[in-house]
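Side-chain atoms are counted along with the backbone in the values below, which use heavy atoms only and exclude waters and symmetry mates. Proteins get letters first, then strands, A, B, ... in listed order; numbering begins at 1 in each.
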Amino acid sequence: MQVRLKRGEKSTEIEISSPMSVSEILELMNYKDKDLVAAKVNGKLVDLSQIVKEDATIEPVRIDSEDGIHIIRHSGAHILAQAVKELYPEAQPTIGPVTEDPPGFYYDIHMRNITEEDLKKIEDKMREIVKSDLKIKRKELKKDDLKELFRDNPFKLELIEENVPDNSYSTVYEQGDFIDFCLGPHLPSTSYLRAFKLLSVSNAYWRGNEKGTPLVRIYGTAFPNEKMMKEYFAMLEEAKRRDHRKLGAELDLFIMRPEYGPSFPIYTPKGVALRNELINYMKQLNRKAGYEEVWTPHAFKTSLWEKSGHMSHYRDNMFLMEVENEDYGMKPMNCPGHILIFQRKAWSYRDMPVRFSEFATVYRYEKSGVTSGLLRVRSLTQDDGHAFVRMDQIEQEVGKLIDIIKEVYYSTFGIKELKFKLSTRDENNKDKYTGSSEVWDKATKALMQSLENRSIKYEIKEGEAAFYGPKIDVDVRDAIGRYWQLSTIQLDFFMPDRDHFDLKYNDENNQPQQPVMIHRAIYGSLDRFMGVIIEHFAGAFPLWISPVQVRVVNISEGSLEYSRKIIDLLLSEGIRVDSDLSSETINKKIREAHGDKIPYTVIIGDKEANESKISVRDRKNRQRNLVSLESFLTVLKEEINSKSLEIHFCSN
RNA sequence: GCCACCGUAGCUCAGUCGGUAGAGCGGCUGACUUGUAAUCAGCAGGUCGGGAGUUCAAUUCUCCCCGGUGGCUCCA
């Protein structure tokens, strides 16, 4: 047999006469590497113990390669499970996958709840296992033998039943007394786990089903060496500094008073300055896209929510109240209100699309464990909008929306880490959905087409469509790696139908037709979007949304009067200005301006006052002395109007 | 909602092996009048998240509640 060893560009070949393992072959070829953990044989990732029986190309997989790291973490999960089994013999391991984001692994185990102290003990036990350098052995077993082996573990039995066809084989991995049902590959032995740490304990459910068996989930991470692990933790610390909850408090953008309103953010003057800029920008885009702005009340009688289906589908998330024997509900969504506006008159096919937009605060009761800073709250303001369109207008309308999303995220805010998702119907469970198959297929195709026309990469999430229609969602990553949904474009065949609001327009033959509703939001939740951009800019906002654009500081009391004059002039030009005219030192004032991430600090001393000039320092430590106020204002206004992502004045 | 952890001054945190608490920053007052990342001094702030229990005594121990943080199908 011909065996070729491939290392990057180089390759060498030998001839072997009988089947032998990868490690034997490598030894034969004099390939020695203490960082070798696995190999790719003809492109397939396998253990070093894998027997080669035919012509093959072998690529060594080192511990610090992408595949190597994956294997370390996978074996880390096994060692974790082994440690748990040794400490708690009654524990039943279930699944233990590698996670991409955050980088690491977890193992879900059916056992009693454990505390952080227990976690320490488990980690110590893992170190023992690593130290004793147990060989990790792969074995092939028949399905029946697998079932016999795991007869005490119903979870593994379920997995075996599900994944291994009758009468066929699958693999287990054995290290010391521990054996796990697993496809592998794994490290050659436990001592290769050189840098690892257990991170946290939480609670998960078997198959993610809240009514299923609760499991203990233990999170950990592992790296090829201590240095890489340290770097990772340092990076995490850095990310925490961007956390919008921390920055929101430091920059005085919003507060929370959980004792009075858990997860109801309260916006302070600076936060509102930022919000207003975001709102004005979006209102302008909405107008350009043909949306007419409307306003609807914050509560309606439940009769409206019954008609819209919210009382049957969304009741648990609604704030309900009784007033004078009548039931009311705070609005969790705006669609029914906008439908009432649509219904106020008769429409022609020529009028379509009809579009309404509203910056509307909605109220949703979220379960106590799922709220998080501004990213998931119970009162949120949506840049909501609804377009009522003809079937043939879907693709164009959706395309326009995608263009807006691209403009807002990519161009205006420079946010590139977006994930587009197309949620479609579960093809095996069509009864769950309203509307005909034909309409669904057409609509899904239209969504797909509008994404592809703009060469946007997207994931298809089959089965994640709402029961009333397919949708496109845009997710973004936060400072600590979690993804949150921002924009959404949802098609809806449900609310316009005869059983609900029975919406109509007349076609060219004067026949009544049912419009399709497009629910859409670009920021999604303004609150969430604020959280995202606080983290994205780490609080150093572009000038146009910066709550304080300019701070004026004086050097000493002598320049007080001239400082006040400059403040008034800036204010009269519509610049958001604050000042520090206290008797503190200039050193301290500058330090604080930097801490507050103020874009421009205007410094006024005797020199400036005498020459009727100003000096400007920016938050990047750059400075221009003795310039005219006019030249500064020109640049300020240019940066504000162009929504510049950079501040330039001090760079020339 | 479930699991773990957490809740001390406006903020960040220390502390009490059970005897009702302390620092820095911030605030206020005064002195200093400063030229580019913390001037000095004094003062005022806390029913130690809420409730109940154990105890001569609870911020500290126990239980309950309220909040916060992280996690809750990235399938063997």
Side-chain angles (χ1 to χ4, degrees), chain A residues 73-74 77-78 81 93-108 111-119 146 150 153 155-164 170-173 180-184 199-219 240 243 245-246 249-250 252 255-263 316 365-373 480-483 553-560 582-595 601 603-608 615-617 619 621-623 625:
Chain A
R73 293 183 180 144
H74 196 178
H78 276 215
T94 68
I95 59 167
V98 174
T99 59
E100 301 300 328
D101 201 4
F105 58 86
Y106 65 80
Y107 216 116
D108 280 351
M111 64 186 296
R112 71 160 174 83
N113 290 322
I114 59 170
T115 64
E116 294 215 329
E117 253 169 70
D118 298 325
L119 203 63
L146 286 169
F150 291 101
N153 186 328
F155 307 98
K156 293 287 179 193
L157 285 177
E158 197 175 317
L159 292 171
I160 293 165
E161 202 52 65
E162 207 172 282
N163 292 291
V164 186
S170 192
T171 55
V172 294
Y173 279 79
D180 203 358
F181 175 53
C182 183
L183 284 175
L199 299 173
S200 65
V201 189
S202 67
N203 190 240
Y205 298 91
W206 177 237
R207 307 256 139 149
N209 176 2
E210 241 182 84
K211 289 175 193 90
T213 314
L215 307 170
V216 172
R217 171 168 297 184
I218 302 174
Y219 279 90
K240 271 188 201 150
D243 193 309
R245 290 164 295 196
K246 198 166 145 54
E250 282 171 13
D252 198 17
I255 57 169
M256 293 283 190
R257 288 299 297 271
E259 71 274 40
Y260 300 121
S263 280
D316 289 348
Y365 179 78
E366 301 281 1
K367 287 195 225 167
S368 60
V370 304
T371 57
S372 180
I480 53 179
R482 298 175 298 194
Y483 277 87
V553 303
N554 62 329
I555 287 174
S556 68
E557 222 169 285
S559 34
L560 207 53
S582 69
S583 66
E584 286 294 348
T585 59
I586 186 65
N587 288 306
K588 177 148 185 192
K589 291 179 184 182
I590 284 173
R591 184 183 158 87
E592 296 206 322
H594 277 285
T601 301
I603 298 166
I604 304 293
D606 291 341
K607 283 188 220 160
E608 286 77 9
S615 290
V616 181
R617 185 184 175 98
R619 65 182 165 214
N621 261 330
R622 300 176 300 194
Q623 174 118 4
N625 290 323

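- Minimum atom distance to the side chain of A:Asn113 is reached by B:C3, of the listed B:C74, B:C3, B:U34.
- Within 4.0 Å (heavy atoms only), A:Thr115 reaches sugar-phosphate atoms of the nucleic acid but no base atom.
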Which is it for A:Thr115 and A:Val201 under the side-chain contact (heavy atoms from CB on, under 4.5 Å) test, yes or no, and what are the steps along the way?
CA-CA 7 Å; A:Thr115 64; A:Val201 189; over 6 Å; no

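- Going from atom NZ of A:Lys607 over to atom OG of A:Ser559 covers 12.0 Å, rounded to the nearest 0.5 Å.
- Nucleic acid contact class of A:Phe155 (heavy atoms, under 4.0 Å, all strands): none.
- Taking only side-chain atoms of A:Arg591, from C-beta outward, the nucleotide of B:C74, B:U34, B:A37 with the closest atom is B:A37.
- Atom P of nucleotide B:A37 and atom CD1 of A:Ile555 are separated by 12 Å, given to the nearest angstrom.
- Looking at A:Ser583, its side chain comes within 3.5 Å of the base of B:C32 through a donor and an acceptor atom.
- If you check every strand for non-hydrogen atoms under 4.0 Å, A:Ile114 touches sugar and phosphate atoms only.
- A distance of 9.0 Å separates OG1 of A:Thr371 from OH of A:Tyr365, quoted to the nearest 0.5 Å.
- In this model, a side-chain donor or acceptor of A:Arg617 finds a partner on the base of B:U36 within 3.5 Å.
- Here B:C3 is the nucleotide among B:G35, B:G1, B:C3 with the atom lying nearest to any side-chain atom of A:Asn203.
- When heavy atoms are screened at a 4.0 angstrom cut-off, A:Val370 is found touching base atoms of the nucleic acid.
- Distances were taken from every side-chain heavy atom of A:Ser615 (C-beta onward) to each of B:G70, B:U36, B:C72; the shortest belongs to B:U36.
- Atom name P, nucleotides B:U60 and B:U47: the rounded distance is 16 Å, in whole Å.
- Atom NZ in A:Lys589 sits roughly 14 Å away from atom P in B:A37 (whole-Å rounding).
- Atom P of nucleotide B:C72 and atom CD1 of A:Ile218 are separated by 15 Å, given to the nearest angstrom.
- A straight line from CG of A:Leu199 to P of B:U69 spans 19 Å, rounded to a whole angstrom.
- The separation between A:Lys240 atom NZ and B:U12 atom P is 15 Å, rounded to whole Å.
- When heavy atoms are screened at a 4.0 angstrom cut-off, A:Asp108 is found touching no nucleic acid atom at all.
- If you check every strand for non-hydrogen atoms under 4.0 Å, A:Lys607 touches a base.
- Within 4.0 Å (heavy atoms only), A:Ser170 reaches at least one base atom of the nucleic acid.
- Whole-Å rounding puts the A:Leu560 CG to B:U34 P distance at 14 Å.
- Nearest-nucleotide positions on RNA chain B place A:Ile590 closer to the 5' end than the other of A:Ile590 and A:Gly96.
- One P atom belongs to B:G7, the other to B:U16, and the distance between them is 14 Å to the nearest Å.
- Spacing of P atoms, B:U36 relative to B:A21, comes out at 46 Å, to the nearest Å.
- Nearest approach of A:Asn203 to A:Asn113, heavy atoms of both residues: ND2-OD1, 4.5 Å.
- Put simply, the side chain of A:Lys589 gets close to the backbone of A:Ser582: a donor and an acceptor are under 3.5 Å apart.
- Candidate nucleotides B:U34, B:U36, B:G1 were compared by shortest atom distance to the side chain of A:Ser556, and B:U34 ranks first.
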Evaluate the side-chain contact (heavy atoms from CB on, under 4.5 Å) criterion for residues A:Val172 and A:Phe150: first the C-alpha distance (whole Å), next the side-chain angles of each, then the deciding distance (0.1 Å), finally the verdict.
CA-CA 11 Å; A:Val172 294; A:Phe150 291 101; 3.9 Å; yes

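- Nearest nucleotide to the side chain of A:Thr585, out of B:A38, B:C75, B:U39: B:U39.
- The cationic group of A:Arg217 lies under 6.0 Å from the six-membered ring centre of A:Tyr106 and within 45° of the ring axis, placing it in a cation-pi geometry.
- Within the 4.0 angstrom heavy-atom criterion, base atoms lie near A:Asn163.
- B:G46 sits 33 Å from B:C3 when the C1' atoms are compared, rounded to a whole Å.
- With P as the reference atom, B:C40 and B:U20 are 34 Å apart, rounded to whole Å.
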Steps toward side-chain contact (heavy atoms from CB on, under 4.5 Å) verdict (A:Glu584, A:Glu592):
CA-CA 11 Å; A:Glu584 286 294 348; A:Glu592 296 206 322; over 6 Å; no

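- Nearest heavy-atom pair, A:His594 versus A:Arg617, reported as atom, atom and distance to 0.1 Å: NE2-NE, 3.2 Å.
- Taking atom CZ on A:Arg217 and atom P on B:C75, their separation rounds to 11 Å, with Å as the unit.
- No hydrogens or angles considered: a donor-acceptor pair under 3.5 Å links the side chains of A:Ser615 and A:Glu608.
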What's touching nucleotides 24-27 of chain B from the protein side, N or O pairs under 3.5 Å?
residue	atom	partner	partner atom	Å
B:G26	OP1	A:Lys588	NZ	2.6

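- Using a 4.0 Å heavy-atom cutoff across all strands shown, A:Glu608 reaches at least one base atom of the nucleic acid.
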Its dot-bracket string being built from Watson-Crick and G-U pairs below 3.5 Å, with | for another strand and [ ] for crossing, RNA chain B has the pattern (((((((..((((.....[..)))).(((((.......))))).....(((((..]....))))))))))))....

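- Comparing A:Ile603 and A:Arg207 against RNA chain B, the residue whose closest nucleotide sits nearer the 5' end is A:Ile603.
- Between A:Arg73 atom CZ and B:C74 atom C1' the separation is 13 Å, expressed in whole Å.
- Taking CD1 of A:Ile555 as the reference point, atom CD1 of A:Ile604 lies at 8.5 Å (rounded to 0.5 Å).
- Judged by atom type and distance alone, A:Glu250 does not reach the base of B:C11 through any side-chain donor-acceptor pair under 3.5 Å.
- Nucleotides B:A41 and B:C5, compared at atom P, are 43 Å apart to the nearest Å.
- To the nearest whole angstrom, the two C1' atoms, one in B:U59 and one in B:C25, are 24 Å apart.
- Spacing between B:U73 and B:G15 at atom C1', rounded to whole Å, works out to 44 Å.
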Pull out every protein N or O sitting under 3.5 Å from an N or O of nucleotides 60-68 of chain B, one pair per line with the distance.
none

A:Cys182 and A:His74: CA distance, side-chain angles, deciding distance, side-chain contact (heavy atoms from CB on, under 4.5 Å) verdict
CA-CA 10 Å; A:Cys182 183; A:His74 196 178; 3.3 Å; yes

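- Using a cut-off of 4.0 Å between Lys/Arg side-chain N and Asp/Glu carboxylate O, A:Asp316 and A:Lys367 are scored as not salt-bridged.
- In terms of phosphate contacts, A:Tyr219 brings a side-chain nitrogen or oxygen within less than 4.0 Å of OP1 or OP2 of B:C72.
- At least one donor-acceptor pair closer than 3.5 Å links the side chain of A:Thr94 to the backbone N or O of A:Asp108.
- In textbook terms, a nucleotide whose glycosidic angle is within 90° of 0 is syn, and B:G45 is one such case.
- Counting all heavy atoms, side chain and backbone alike, A:Tyr107 lies closest to A:Pro93 at CE2-CB, 3.5 Å.
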